[in-house]
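Note sheet for the following structure.
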Amino acid sequence: MAAELVAVDSTRVVETISVANAFAERQDAVPNNLDRDYNFLSKAVEEAYKGVDCGDGGPFGAVIVRKDEVIISSHNMVLNQTDPTAHAEVTAIRDACKKLGQIELSDCEIYTSCEPCPMCFGAIHLSRIKRLYYGAKAEAAIAIGFDDFIADAIRGTGVHQKAQLEIKKADGQGAIMAEQVFENTRTKFQMY
């Protein structure tokens, strides 16, 4: 089954990309997952409230599901862990991987209260999660003060960009030395 990305509001699906939609004549074979999706999304939203209420971090929640069973529910833990990478999605992925004893979650789905930032989207991709279902668009987070680069990075725009970061790639011996680590460890390390 192909990966699927879905955005919703509280009453209806507003954006979806899936193989099923590309073949309209086969729609009758695709189950209506709206109630199921809404239920798991509700759990992610509950986590978002929980995280704010207990002071752990921003209003973001995530739920990882496998075979219709919640594997892990998590919320933003940035303040609790003093860790800017402890977003709900990343925390949920870390906990699910530990719980399942594996680094690949290809038989799992993730439900998030908000459109993932680039870091979280990268973590979702790297964990091989098969389906992402999110509630609010990034602009909802931006509207209350969260970093504007999220929408810019996701949409490839420069409208909201405000981060000032200098990026420089090493050259010469520095580049050669850093590139050699990959060649020198090729036979010692296999990802999958």
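Placement of Leu105 and Tyr134 within a single hydrophobic cluster is found when ILVMFWY residues are connected by side-chain heavy-atom separations under 4.5 Å, directly or transitively.
The shortest side-chain heavy-atom distance between Lys130 and Ser106 does not fall under the 4.5 Å cut-off. Using a 4.5 Å cut-off on side-chain heavy atoms (C-beta onward), His87 and Cys117 make contact. The shortest side-chain heavy-atom distance between Phe60 and Thr112 does not fall under the 4.5 Å cut-off. Proximity of Ile144 to Pro59: side-chain heavy atoms (C-beta onward) are separated by under 4.5 Å at one or more points. Within the 4.5 Å cutoff, the side chain of Leu132 has no heavy atoms near those of the His125 side chain. Between Leu100 and Cys108, some side-chain heavy-atom pair lies under the 4.5 Å cut-off. Residues Ile72 and Val63 are not in side-chain contact: their nearest non-hydrogen atoms beyond the backbone lie 4.5 Å or more apart. Counting only heavy atoms from C-beta outward, the side chains of Ile124 and Pro116 approach each other to under 4.5 Å.
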Next item on the list: Begin from the C-alpha positions of Leu41 and Tyr133 and carry the test side-chain contact (heavy atoms from CB on, under 4.5 Å) through to its verdict.
Entry: CA-CA 8 Å; Leu41 179 62; Tyr133 190 95; 4.0 Å; yes
Notebook entry, point to check: Between Val65 and Ile71, is a side-chain contact (heavy atoms from CB on, under 4.5 Å) present by the stated rule, with each step listed?
Noted result: CA-CA 5 Å; Val65 175; Ile71 300 301; over 6 Å; no
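Here the side chain of Ser113 pairs no donor or acceptor atom with the backbone of Val45 at under 3.5 angstrom. In terms of modelled atom types and a separation under 3.5 Å, the side chain of Glu115 and the main chain of Lys137 share no donor-acceptor contact.
Ion pairing of Arg36 with Asp68 is present here, as a side-chain N (NZ or NE/NH1/NH2) and a carboxylate O approach within less than 4.0 Å. Note on Arg131 versus Asp37: salt bridge recorded, some NZ/NE/NH1/NH2 to OD/OE distance being below 4.0 Å. With salt bridges taken as basic N to acidic carboxylate O contacts below 4.0 Å, one links Glu183 and Arg186. The pair Glu109-Lys67 does not count as a salt bridge, with every side-chain nitrogen at least 4.0 angstrom from each carboxylate oxygen.
Among residue pairs with one or both ends in residues 75-85, those qualifying as salt bridge (charged side-chain N to carboxylate O under 4.0 Å, His left out) are Asp83-Arg94; sequence neighbours excluded.
One finds the CZ atom of Phe121 at 10.5 Å from the CD1 atom of Ile129 (value rounded to the nearest 0.5 Å). For the atom pair CD (Glu89) and CG (Asn76), the distance works out to 8.5 Å, reported to the nearest 0.5 Å. The CD atom of Glu47 sits 10.5 Å away from the OG1 atom of Thr91 when rounded to the nearest 0.5 Å. With rounding to the nearest 0.5 Å, the separation of OG in Ser74 from CD1 in Ile93 is 10.0 Å. In this structure, CZ on Phe40 lies 9.5 Å from OG on Ser73, to the nearest 0.5 angstrom.
Nearest heavy atoms, Val181 versus Thr185: O-OG1, 2.7 Å. Here the shortest heavy-atom pairing between Val90 and Ala123 reads CG2-CB, 4.1 Å.
The residue from Gln81, Lys50, His75 that alone fulfils the side-chain hydrogen bond (donor to acceptor under 3.5 Å, both in side chains) condition with Asp56 is His75.
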